[in-house]
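Written out below as C-alpha cells is the structure these notes cover.
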Protein chains: 2
Amino acid sequence: MANSHLPDRDRLQALLLAYIEPARALGLAVEAASPAGVILTAPIAGNRNDKGTAFAGSLLSAAALAGWALVSCICAAESIDVEVALQASDARFLAPGRANLRAVARAPEEAALVKLKRMLTRGGRGRVEITVAVTSGDAEVMTFTGTYAVIVGGADPRRLLPIE
Amino acid sequence: MANSHLPDRDRLQALLLAYIEPARALGLAVEAASPAGVILTAPIAGNRNDKGTAFAGSLLSAAALAGWALVSCICAAESIDVEVALQASDARFLAPGRANLRAVARAPEEAALVKLKRMLTRGGRGRVEITVAVTSGDAEVMTFTGTYAVIVGGADPRRLLPIE
C-alpha cells in the first residue's frame with residue numbers, strides 16, 4: 001500500500017478488504033485509525049479453535065495488521081510514501097478468548113518515531129517496534145510486539161530483510 | 001481436541017476442518033502428520049497481502065497449527081490424552097512468499113520429549129518448544145518457534161497459563 005493519503009477509518013477498512021485477502025474471512029473491521037493508534041475488531045464467530053476459544057492464528061493476524069496499519073498511518077501523517085512489512089514478531093498468549101476480539105496498536109514513544117523518521121529521510125528505510133494488545137470482552141488474551149520494516153517508495157520491504 | 005487416537009493425515013485434516021474455524025478459509029491441507037513431523041500446506045491464493053505476497057497472519061496461522069498438530073501427534077503416540085495450546089510465539093520473516101505455502105514442524109530433540117513426558121506423567125502439565133519453517137516455493141519465508149502448553153485431560157491449557 002502506498003500511503004500518499006492519510007488512511008482514516010473508512011479508507012483503511014476499504015484497503016483491508018480490497019488488498020488483504022484473508023481480512024474478509026477473519027471478519028476484520030476498523031474501529032479507529034490515526035497516527036496515535038489503530039483498533040481492529042473481529043468477531044469470535046469464525047475465529048474459534050478446537051476448544052471453542054479464539055484461534056491463535058486469528059489473534060496473530062489481527063495484531064499483525066493493526067501494527068501494520070498503525071505504521072502506515074504514522075508515515076502517511078508525515079507525508080512519507082512507504083511500504084511496510086512485518087519483519088519479526090513476538091507474542092504471549094494470556095487467557096482464552098471467548099468474546100469478540102479487539103486488537104489495539106498504540107503509537108510508540110516519541111523517541112522511536114523521531115528515530116524512524118530520521119532513518120527514512122536519510123536512508124530511505126527504517127524499522128519500528130509496535131506493541132499490540134488483543135482483548136476478548138474484558139480479558140486481555142494476547143500481547144504482541146511486531147518489528148516492522150519500512151521502505152520509502154514502492155519496493156517490498158520483505159525483499160530487503162532484515163533492516164537493521 | 002482429545003487425543004485418544006493417533007491422528008494420521010486424513011484424521012488431522014478432518015479435525016482441522018471441523019474444529020479450527022479459520023482453517024477452511026486459509027485453505028489448509030495436511031501433507032504429513034506423525035510424531036516425527038507435521039507438514040501443512042496452504043495455497044497462496046486467498047492468503048495474499050497488499051503487496052501480492054503471503055500475508056504474515058496466514059504464515060503465522062499455518063505455523064501455529066503445524067506446531068499444535070505436532071504436539072498433539074507426539075502425545076497421542078504416547079497414549080497421553082491432552083489438550084494443547086500455544087503459550088508464546090516468536091517469528092522471523094525472511095523473504096516475500098509468492099508461491100504456495102508449506103509449514104514444516106519437526107519433532108524437537110529427544111531430551112525435550114523426555115522432559116515433556118516426565119512433566120505430563122508427574123504433574124499433569126508441561127510445555128514444549130516446537131520450531132516450524134514455512135516455505136513458499138523454494139524460498140524459506142518464515143521461521144517460527146512456538147511454546148506449547150500441554151495439559152493432561154480435558155482442561156483448556158490457556159486457562160492455566162503460563163506453564164513454567
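Lettering follows sequence order; numbering is per chain, from 1. What you see is a predicted model, and the numbers here were worked out from it, not measured in a lab.
A donor-acceptor pair is defined here as one N or O able to donate and one able to accept, closer than 3.5 Å; such a pair exists between the side chain of A:Lys51 and the backbone of B:Val84.
Each of A:Trp68 and A:Ile39 belongs to its own hydrophobic cluster when Ile, Leu, Val, Met, Phe, Trp and Tyr are linked at side-chain heavy-atom distances under 4.5 angstrom. Hydrophobic clustering, with ILVMFWY side chains joined whenever heavy atoms are under 4.5 angstrom apart, keeps A:Leu113 apart from A:Val104. Under the 4.5 Å side-chain heavy-atom criterion for Ile, Leu, Val, Met, Phe, Trp and Tyr, A:Leu120 and A:Val128 are members of the same hydrophobic cluster. Linking Ile, Leu, Val, Met, Phe, Trp and Tyr whenever their side-chain heavy atoms come within less than 4.5 Å leaves B:Phe93 and B:Ile44 in two separate clusters.
Atom CZ in B:Arg92 sits 7.0 Å away from atom OG1 in A:Thr147 (nearest 0.5 Å).
Heavy-atom pairs under 4.5 Å with chain B were tallied for A:Pro96, A:Ala64, A:Ala25; the largest tally goes to A:Pro96.
Among residues 131-143 of chain A, no residue has any heavy atom closer than 4.5 Å to a heavy atom of chain B. Interface with chain B: from residues 53-60 of chain A, residues A:Thr53, A:Ala54, A:Phe55, A:Ala56, A:Gly57, A:Ser58, A:Leu60 qualify, criterion being any non-hydrogen pair under 4.5 Å.
Looking at B:Leu16, B:Ile20, B:Leu15 one by one, the single match for side chain to side chain contact (heavy atoms under 4.5 Å, CB included) with A:Asp50 turns out to be B:Ile20.
Looking at A:Ala45, only its backbone comes within 4.5 Å of chain B, counting heavy atoms on both sides.
Every residue was checked against the salt bridge (charged side-chain N to carboxylate O under 4.0 Å, His left out) condition with B:Lys115, not counting sequence neighbours, and none meets it.
Between B:Pro22 and A:Gly46, the shortest heavy-atom distance links the atoms CG-O, 3.5 Å.
Under the salt bridge (Lys or Arg N to Asp or Glu O under 4.0 Å) criterion, the residue pairs touching residues 12-26 of chain A are A:Glu21-B:Arg48, with sequence neighbours excluded.
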